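Remarks on the structure that follows.
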Amino acid sequence: MPPKKSAGKKPAAKSVAPKPAPKKPAESSGEAVPAPRKGMGPIQSVRGMRDLLPADQHYWRRVNRLSEELANAYGFERIDTPMVEETSLFIRGVGRSTDIVEKELYSWETPGGENVALRPEGTASVVRAYVQHGMLNQPQPVKLWYVGPMFRYDRPQAGRFRQFYQLGFEAIGDADPVIDAQLMIVGWSFLRGLGIDAVVRVNSLGSPESRANYKNALVAYFRAKRAKLSDDDKRRLLKNPLRLLDSKDPAVQEMKAEAPQIVDWLDEESKAHFMRVLEYLDEVGVPYQLDPYLVRGLDYYTKTVFEWYAAGDDQELAQSALGGGGRYDGLVEQLGGRPTPAAGFSFGLDRIVSRIKDTQPSTAIGYKAEVFLAQLGDMGRKKAIALFEEFRESGIPVGEAFSKANIKQQMEIANRQGAKWVVVIGQKEVLDGTAIIRDMEAGSQEIVDAKKVVHEIKKKLGRNGE
RNA sequence: GUGGCUAUAGUGUAAUGGUUCGCACAGGACCCUGUGGAGGUCUUAGAGAGGGUUCAAAUCCCUCUAGCCACCCCA
């Protein structure tokens, strides 16, 4: 760091850079400068926020491309909602007593006095948009998808960031179990398309009534054994009893065996619905595991719930869930719409990308060009700059290193960019009205008329038919 | 939010409290304004921030910050 502390102890000396930046006139600045702000280090990104660097972008691109492809294939339309919403949307949508709302919400009051928050998930916003724009008047179900950053003020950890990216699919306005199944199929296709071997765990929470009844039974059961519960679990008992079921406490694990099972409390309709979902999955061959203890952290789920895990992580690594979702038949109404059935799911793209990165390290290079323009001398450079535009307008990926004069260096760069052809233009060529085309694989080259270069290259690339 | 571990160039690493912090890769320049993958020479760049102990700190201590691990929770 250039600004070093006072040379008090360290004589340091050290040959200073040519221009000894006249930093501190030691004495004079002493009073002039206000207060030497402390903690002056290099500025870093804010906690839990990270950069997605160029080297990783191709993974993200792949994920995004597949998302779009699948969305089209399955008939979902893209929607983008604001990152900032009224805080009450999330309180009503996600649930007041969930951790997501209680302690992980980035919320503040605007200068105008509105209470707003950064979205912690996508479903509430999508449903809000559905209601706000009267999408109930469109053919149902309305199938929407989105991708974008979400924000949760949680403690960062591997696979957990305060700004993270979710890809989500929602189907609003249809209660048929085939919708639930199709969503799971979309998710399955997505993971498979990325080469991720995953299983989906499925459960049903039933209708709000059956869920509530079950919850009561569960609370009653555990309350009787309250003394044996850890503090964490006592808290859960009050706040989110269903969560007790995936407690890691061995004592609870034991109690679980005797505990009421959710399947026994499902109403007939939910049970039938669930069976249908499973039948459809069987039909398509989607591998799933029934998990009677699967509950989800958001309040809005009803009936079907599911979560994806990478296969092979038989040991539950923390943060190993890649995504999840389910049916939320009550949410639309909860947010002020008419009673409307709906279902959806989302993936955590950060985790998915990191998974691909670990299992399929890529050799992809950065910028790729098919043709490279090498130039020599000022005349050559001028001609090359113009020619570059011609190539670009013809849609041919073309590379350059105009700032380099050395031909050898340019060849190196051409090679690094993976160019199959190099067009060389020097003084001589400019004067002759020609250009050299070099075949990088064969090492041979030919001289062509400068006016025909683009045409010649197109021919070589097999793009003449256009 | 709780507990623990960690922090050296862009990356990965090395150095019993004692010279100027070593190495590899990456980057830049040159060898080389007329032809690529190699090589050679030179070079840029570092102790997360702040404070303390000590004759002396990358090394020991404290605080902050960040990352990681477990918990909580979740994607």
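Numbers restart at 1 for each chain; the letters A, B, ... are given by sequence-line order, proteins then strands. Predicted model only: the values in this text are computed from it and were never measured. Atom set for the values below is all heavy atoms of this structure, side chains included, hydrogens, waters and symmetry mates excluded.
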In whole Å, what separates the [atom1] atom of [N] from that of [M]?
{"N": "B:U59", "M": "B:A47", "atom1": "C1'", "value": "11 Å"}
{"N": "B:A26", "M": "B:C32", "atom1": "P", "value": "22 Å"}
{"N": "B:A45", "M": "B:C21", "atom1": "P", "value": "13 Å"}

### Query
Is any side-chain N of the basic residue among A:Glu446 and A:Lys460 closer than 4.0 Å to the acidic one's carboxylate O?
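The answer is yes: the pair qualifies as a salt bridge.
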
### Message
Salt bridge check, A:Lys303 against A:Asp180: does any charged N sit closer than 4.0 Å to a carboxylate O?
### Response
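Between A:Lys303 and A:Asp180 there is no salt bridge, as every charged N stays at least 4.0 Å from the carboxylate O atoms.
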
Between atom [atom1] in [X] and atom [atom2] in [N], what is the gap in whole Å?
{"X": "A:Lys103", "N": "B:U2", "atom1": "NZ", "atom2": "P", "result": "10 Å"}
{"X": "A:Ile407", "N": "B:C31", "atom1": "CD1", "atom2": "P", "result": "15 Å"}
{"X": "A:Phe151", "N": "B:C73", "atom1": "CZ", "atom2": "P", "result": "24 Å"}
{"X": "A:Lys408", "N": "B:A38", "atom1": "NZ", "atom2": "P", "result": "11 Å"}
{"X": "A:Leu167", "N": "B:C74", "atom1": "CG", "atom2": "P", "result": "20 Å"}
{"X": "A:Met411", "N": "B:G37", "atom1": "CE", "atom2": "C1'", "result": "11 Å"}
{"X": "A:Leu376", "N": "B:U33", "atom1": "CG", "atom2": "P", "result": "11 Å"}
{"X": "A:Gln157", "N": "B:C73", "atom1": "CD", "atom2": "P", "result": "13 Å"}

### Task
Determine the contact category for A:Arg155: base if any of its heavy atoms lies under 4.0 Å from a base atom, sugar-phosphate if only primed atoms, P, OP1 or OP2 are that close, otherwise nothing.
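Here A:Arg155 touches the bases of the nucleic acid.
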
### Query
How is A:Gln409 classified with respect to the nucleic acid when contacts are heavy atoms under 4.0 Å: base, sugar-phosphate, or nothing?
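Sugar-phosphate contact only.
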
### Query
For A:Arg235 and A:Tyr153, take the nucleotide of RNA chain B holding the closest heavy atom to each; which residue's nucleotide lies nearer the 5' end?
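That would be A:Tyr153.
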
### Task
Nearest-nucleotide wise, let me know which of A:Gly323 and A:Asn406 is further upstream toward the 5' end of RNA chain B.
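The residue closer to the strand's 5' end, by nearest nucleotide, is A:Asn406.
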
### Task
State whether a side-chain donor-acceptor pair under 3.5 Å links A:Ser125 with A:Tyr146.
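There is no such pair (donor and acceptor under 3.5 Å, judged by atom type) between the side chains of A:Ser125 and A:Tyr146.
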
### Query
Side chain of A:Arg236: nearest nucleotide among B:G37, B:C73, B:G1?
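Closest nucleotide among those given: B:C73.
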
### Message
Please pick, from B:A66, B:A75, B:C73, the nucleotide with the shortest atom-to-atom distance to any side-chain atom of A:Arg47.
### Response
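Closest of the options to the side chain of A:Arg47: B:A66.
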
### Task
Look at A:Arg351 and B:C74 and indicate whether a side-chain polar atom (N or O) is within less than 4.0 Å of OP1 or OP2.
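Looking at the OP1 and OP2 atoms of B:C74, neither is under 4.0 Å from any side-chain N or O of A:Arg351.
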
### Message
If stacking means aromatic ring centre less than 5.5 angstrom from the base's six-membered ring centre, planes under 30°, is A:Phe347 stacked on B:A75?
### Response
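Whether judged by distance or by angle, A:Phe347 falls short somewhere, so it does not stack on the base of B:A75.
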
### Query
Yes or no on side chain to side chain donor-acceptor pair (under 3.5 Å) for A:Gln261 and A:Tyr293, after CA distance, side-chain angles and deciding distance?
CA-CA 8 Å; A:Gln261 294 270 315; A:Tyr293 301 120; 3.2 Å; yes

### Task
Taking all non-hydrogen atoms of both residues into account, name the closest pair between A:Thr302 and A:Asp329 and its distance.
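Nearest heavy atoms, A:Thr302 then A:Asp329: OG1-N, 3.1 Å.
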
